[in-house]
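Below you'll find the structure, written out as structure tokens, and then a few comments.
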Amino acid sequence: MPDIVLTRIDNRLIHGQVATQWSGSIGANLLLVANDEVAGNSFRQGLMDMAAPSYAQTRYWTLEKTITTIHKASPSQHIFLICETPQDVLKLVEGGVPIKKVNIGNMHMSEGKRQVVGSVAVNDADVATFKRLQELGVELEIRRVPQEGAEDLSKLFK
């Protein structure tokens, strides 16, 4: 069983907050970005590697590779799993990745979305996906940084 210490939805993937605040507070030594586009984009990977903490390794896998490979993780790997969208997380869960809790960090405002808290904007498809994750037993929390309290989750479903 892989040691997934945190799964986070953050459309910025690896950046300063993830690298400096989250990784250290959860004891992660492997930052795994599960994203089909980034898995094939060495430029974006290089930028994220520059932001990653020096004590942690990085991996950039497609969703399918994550599903088929994560169960081979060493017990010494404390995995911080980072996804861009709730739909990506749902694909992983439905594919057998043992995700028990999801931190909803940053989902930027864009056309068709509504702001539910400062750093999270959702559309109806996102809300339906979050409901499905809950039906599958995944706990959800909205929290920008580890030092702050979690937001009221009901805001997500209004």
Side-chain angles (χ1 to χ4, degrees), residues 3-39 41 43-63 66 70 78-94 97-158:
D3 180 21
I4 300 172
V5 293
L6 182 65
T7 300
R8 179 174 169 91
I9 296 170
D10 192 321
N11 59 351
R12 298 175 295 173
L13 301 171
I14 298 176
H15 58 90
Q17 258 178 13
V18 165
T20 60
Q21 295 180 43
W22 280 106
S23 298
S25 73
I26 61 173
N29 61 13
L30 174 62
L31 280 59
L32 171 55
V33 173
N35 182 278
D36 291 343
E37 192 277 325
V38 171
N41 187 327
F43 179 74
R44 283 189 69 190
Q45 291 176 22
L47 292 174
M48 286 187 257
D49 282 344
M50 286 190 281
S54 59
Y55 58 81
Q57 296 181 322
T58 55
R59 299 281 185 279
Y60 304 96
W61 291 351
T62 63
L63 297 173
T66 304
I70 200 163
H78 308 296
I79 303 167
F80 185 1
L81 181 57
I82 307 159
C83 295
E84 188 173 27
T85 68
Q87 292 77 14
D88 288 349
V89 174
L90 181 59
K91 285 179 191 169
L92 296 177
V93 170
E94 290 176 337
V97 177
I99 295 170
K100 303 295 179 219
K101 182 176 183 177
V102 174
N103 166 262
I104 305 162
N106 289 294
M107 294 176 62
H108 289 148
M109 183 62 121
S110 61
E111 190 170 334
K113 294 200 174 206
R114 60 192 175 277
Q115 202 84 30
V116 291
V117 297
S119 62
V120 178
V122 298
N123 59 26
D124 292 343
D126 296 330
V127 172
T129 301
F130 286 129
K131 286 179 180 175
R132 179 69 182 132
L133 285 166
Q134 285 184 316
E135 289 168 5
L136 293 170
V138 177
E139 180 187 344
L140 303 175
E141 81 163 0
I142 302 171
R143 185 184 305 226
R144 196 173 58 85
V145 292
Q147 299 81 2
E148 293 179 358
E151 295 279 349
D152 177 5
L153 194 61
S154 70
K155 292 178 182 179
L156 197 61
F157 301 106
K158 290 183 179 175

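This is a predicted model, so every value here is computed, not measured. For the single chain, residues carry numbers from 1 onward in sequence order.
With values rounded to the nearest 0.5 angstrom, Glu148 atom CD is found 12.5 Å from Ile142 atom CD1. Separating the OG atom in Ser110 from the CG atom in Asn123 is a distance of 7.0 Å, to the nearest 0.5 Å. Taking CD1 from Ile82 and CG from Asn103, the interatomic distance works out to 10.5 Å, rounded to the nearest 0.5 Å. Between the CG atom in Leu6 and the CZ atom in Phe80 there is a gap of 5.0 Å [rounded to 0.5 Å]. Remark: Thr58 OG1 to Met50 CE distance equals 12.0 Å, nearest 0.5 Å. A distance of 14.5 Å separates CG in Leu136 from NZ in Lys131, rounded to the nearest 0.5 Å.
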Could you please spell out the steps behind the side-chain hydrogen bond (donor to acceptor under 3.5 Å, both in side chains) verdict for Asp10 and Asn106? CA-CA 5 Å; Asp10 192 321; Asn106 289 294; 3.0 Å; yes

Residue pair Arg59, Thr66: steps toward the side-chain contact (heavy atoms from CB on, under 4.5 Å) verdict: CA-CA 10 Å; Arg59 299 281 185 279; Thr66 304; over 6 Å; no

Could you go through the side-chain contact (heavy atoms from CB on, under 4.5 Å) check for Val127 and Arg114 one step at a time? CA-CA 11 Å; Val127 172; Arg114 60 192 175 277; 3.4 Å; yes

Could you go through the side-chain contact (heavy atoms from CB on, under 4.5 Å) check for Ile79 and Val5 one step at a time? CA-CA 6 Å; Ile79 303 167; Val5 293; 5.8 Å; no

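When all heavy atoms of Leu63 and Leu92 are compared, the pair lying nearest together is O-CD2, 3.7 Å. Counting all heavy atoms, side chain and backbone alike, Leu31 lies closest to Ala56 at CD1-CB, 3.5 Å. When all heavy atoms of Trp22 and Arg144 are compared, the closest pair comes out as NE1-O, 3.0 Å. Listed here is the closest heavy atom pair of Leu81 and Ala34: CD1-CB, 4.0 Å. Residues Leu133 and Pro86 share a closest heavy-atom pair of CD1-O, 4.2 Å.
Side-chain contact annotation: Asn35 with Glu84, donor-acceptor N/O pair under 3.5 Å present. Between the side chains of Arg132 and Gln134, not a single donor N or O lies within less than 3.5 Å of an accepting N or O.
Looking at Val120 and Val122, their side chains come closer than 4.5 Å, going by heavy atoms from C-beta outward. Considering only heavy atoms from C-beta on, Met107 stays 4.5 Å or farther from Thr85 through its side chain. The shortest side-chain heavy-atom distance between Leu153 and Phe130 does not fall under the 4.5 Å cut-off.
Between the side chain of Gln45 and the backbone N or O of Val38 there is at least one donor-acceptor pair closer than 3.5 Å. Using a distance-only test at 3.5 Å, with no hydrogens or angles considered, a donor-acceptor pair links the side chain of Ser119 to the main chain of Gly105. Using modelled atom types, one side-chain atom of Tyr55 and one backbone atom of Gly24 make a donor-acceptor pair closer than 3.5 Å. In this structure, the side chain of Gln115 does not engage the main chain of Met109 through any donor-acceptor pair within 3.5 Å.
Taking the charged nitrogens against the carboxylate oxygens, Arg44 and Glu37 do have a contact shorter than 4.0 Å, which makes a salt bridge. With respect to the salt-bridge test (charged N to carboxylate O, under 4.0 angstrom), the residues Glu141 and Lys101 qualify.
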